[in-house]
K.L.:
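Provided herewith is a single structure, encoded as structure tokens, for subsequent inquiry.
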Amino acid sequence: MNNRQKSNTIIAHWFLLSLILALWMLLAPACASAAQPFELHLLDVDQGQSVLIQADGHYMLIDGGGRYSSSFVVSYLKQQGIDQFDLIALSHYDEDHMSGEIGVLTVFPVETILLPSYEGEGDLYQSFSRAAISSGAQIQHPAFGSEYQLGDAVVEVVGPLRSDYLLENDRSLALRITYGEVTCLICGDAEQTAEMDMVSSEADLSADVYVVNHHGSRTSSSDIFLDAVTPNCALISCGLDNSYGHPAHEVLQRLQERGIQMYRTDLQGTIVLYSDGNTCWFDQDPCQDWTPGTYREEAMRNPESEDAAPAGSDDKASGDYLYVCNTNTWKFHYPDCPSVAKMKEKNRINSSLSRDELIAQGYQPCGNCHP
């Protein structure tokens, strides 16, 4: 073999080696992610929440999104090759967390269902209850401190601390999941009262990954709560252009000030976390868009806005209303409450929405008239 032939052979070998190396670098991350023993999927269920946990081939679903996401959730779970669930948990009985689980319970075998300790209301709750009973699963209402095994992962109940909260959001099941050295915290729609109780308890709330409470509502993720959790990453489940203003500017500011990496379904779709028990990583980069949702008080004052309040938030000229809302304090009152007389006109909105609907939108009942 002459020198020219040797040179061509060497070049060909180097080219082949470079091609193999390039292919390995391209495929290795996907293969590594697929092989990991722990995964957390925050599904893109619009203005709702649904979290899939996989640990060593065992599966848990926390919430199922709203009614319009039910078919997507079932389809997504089937794509993951899931045959059955060890655990299904429902944080609370709001439609945007509960509806999607009805479809899941009718399709997949389930061993144990974890439910909050209070009873819901309405036809949807009855449909969910029938599906849960028909599934044949063991139904439990876990107490604070209860633990469940999911493969090598430990699921600990860190809230609620009591069952008599005025707001149903505060009665949400709060779960801390530990896999090796990696921890995740998921608390449904818990708001500041429940957050304060969790911080005051003996529970360890620290977590690497925090699924942000109440879709990033301004009434959740308080400073003291974030300081107790000290997450590295925050995941927000909310719908694109939702009318609730999620995620709120205040919450995004708290996360950003603490240097917490942020992911959000309204801009990034479904988000997947992988872990080997020592470290964790995601299927995409953190979101760099810290733009909050549309402020509801601006939308409510502008009837031409696409984010205007739903039908039922009547103007002040109407006498057909149940409550008076203060857009500055985010409290709602009975019309004859003394606080209403002191309210500035620019902050006052009369509403015929129900009590639960106002609470779902972020308002809190007045502490004086107790509506």
Side-chain angles (χ1 to χ4, degrees), residues 42 44-49 65-66 68-69 92 94-97 167-170 172 187-195 210-223 225-226 234-257 260 262-269 287-315 323-332 343-344 346-365:
L42 182 63
D44 180 12
V45 290
D46 197 58
Q47 188 59 25
Q49 184 165 294
Y68 298 114
S69 301
H92 62 305
D94 279 0
E95 186 275 334
D96 60 325
H97 294 248
L167 301 181
E168 289 189 6
N169 284 348
D170 283 333
S172 295
C187 305
D189 280 357
E191 301 193 38
Q192 292 184 15
T193 301
E195 289 178 353
Y210 166 48
V211 178
V212 174
N213 296 347
H214 200 187
H215 319 284
S217 167
R218 64 191 295 274
T219 58
S220 301
S221 300
S222 57
D223 285 305
F225 187 73
L226 289 176
L235 282 58
I236 305 174
S237 180
C238 59
L240 185 64
D241 298 326
N242 68 85
S243 61
Y244 301 103
H246 298 157
H249 166 74
E250 296 92 331
V251 172
L252 293 176
Q253 186 175 41
R254 292 170 201 152
L255 298 176
Q256 196 168 23
E257 287 175 348
I260 299 170
M262 184 265 296
Y263 299 79
R264 49 193 289 185
T265 60
D266 61 333
L267 301 180
Q268 297 175 285
C287 184
Q288 300 303 322
D289 188 343
W290 294 85
T291 306
T294 303
Y295 283 108
R296 281 197 343 99
E297 62 180 285
E298 294 176 0
M300 293 175 82
R301 292 171 188 165
N302 179 11
E304 303 299 324
S305 169
E306 293 180 359
D307 287 314
S313 294
D314 302 336
D315 59 31
Y323 303 107
V324 177
C325 303
N326 188 324
T327 60
N328 181 48
T329 63
W330 282 73
K331 303 284 187 181
F332 66 93
M343 195 181 301
K344 294 182 179 179
K346 68 176 183 178
N347 297 330
R348 171 175 172 159
I349 293 177
N350 297 338
S351 176
S352 60
L353 291 176
S354 71
R355 182 180 188 279
D356 288 343
E357 287 172 323
L358 287 173
I359 290 173
Q361 293 187 5
Y363 284 95
Q364 295 185 348

K.L.:
Of all residues at least two apart in sequence or in a different chain, which pass the salt bridge (charged side-chain N to carboxylate O under 4.0 Å, His left out) check with E95?
P.N.:
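Counting only residues at least two positions away or on another chain, E95 forms a salt bridge (charged side-chain N to carboxylate O under 4.0 Å, His left out) with R67.
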K.L.:
Can you see which heavy atom on Q268 is nearest to which on Y263, and at what distance?
P.N.:
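Smallest interatomic distance, heavy atoms only, reads OE1-CA, 3.1 Å.
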K.L.:
List the atom of P365, the atom of L167, and the distance in Å for their closest heavy-atom pair.
P.N.:
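Smallest interatomic distance, heavy atoms only, reads CD-CD2, 3.6 Å.
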K.L.:
Going by the side chain to side chain donor-acceptor pair (under 3.5 Å) test, name the single residue among Q192, E195, E250 that passes it with S222.
P.N.:
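Of all the options given, the one that passes is E195.
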K.L.:
Which heavy atom of V212 sits nearest a heavy atom of A234, and at what distance?
P.N.:
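Shortest heavy-atom separation between V212 and A234 comes out as CG2-CB, 3.7 Å.
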K.L.:
Does one side chain, of D96 or Q47, offer a donor that lies under 3.5 Å from an acceptor on the other?
P.N.:
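D96 vs Q47: no donor-acceptor pair found between side chains.
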K.L.:
Kindly say whether G239 contributes a backbone atom to a donor-acceptor pair with the side chain of D46 at under 3.5 angstrom?
P.N.:
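Answer holds: no.
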K.L.:
Would you say R264's side chain and D289's backbone share a donor-acceptor pair under 3.5 angstrom?
P.N.:
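Looks like yes, one N/O pair under 3.5 Å.
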K.L.:
So which heavy atom on Y210 is nearest to which on S221, and how close?
P.N.:
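Looking at all heavy atoms of both residues, the closest pair is OH-OG, 2.7 Å.
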K.L.:
If we only count heavy atoms from C-beta on, is the D44 to S69 side-chain gap below 4.5 Å?
P.N.:
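A side-chain contact is absent here, since even the closest heavy-atom pair is not under 4.5 Å.
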K.L.:
Has the side chain of T265 got a donor or acceptor atom that lies under 3.5 Å from a matching backbone atom of C238?
P.N.:
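Such a contact is found between T265 side chain and C238 backbone.
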K.L.:
Check whether N242 reaches the backbone of G245 with its side chain - one donor and one acceptor, N or O, closer than 3.5 Å.
P.N.:
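Side chain of N242 to backbone of G245: a pair is present.
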K.L.:
Should the ring pair H215 and H246 be called parallel, tilted or perpendicular, given that the plane angle runs from 0 to 90° and is split at 30 and 60?
P.N.:
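If you compare the ring of H215 with that of H246, the planes turn out parallel.
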K.L.:
Give a yes or no answer on whether the side chain of S172 reaches the backbone of D189 with a donor-acceptor pair at less than 3.5 Å.
P.N.:
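Yes, because the side chain of S172 sits within donor-acceptor range (under 3.5 Å) of the backbone of D189.
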K.L.:
What closest approach, in Å, do S237 and V45 show between heavy atoms, and which atom pair accounts for it?
P.N.:
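Smallest heavy-atom distance, with atoms named: OG-CG2, 4.4 Å.
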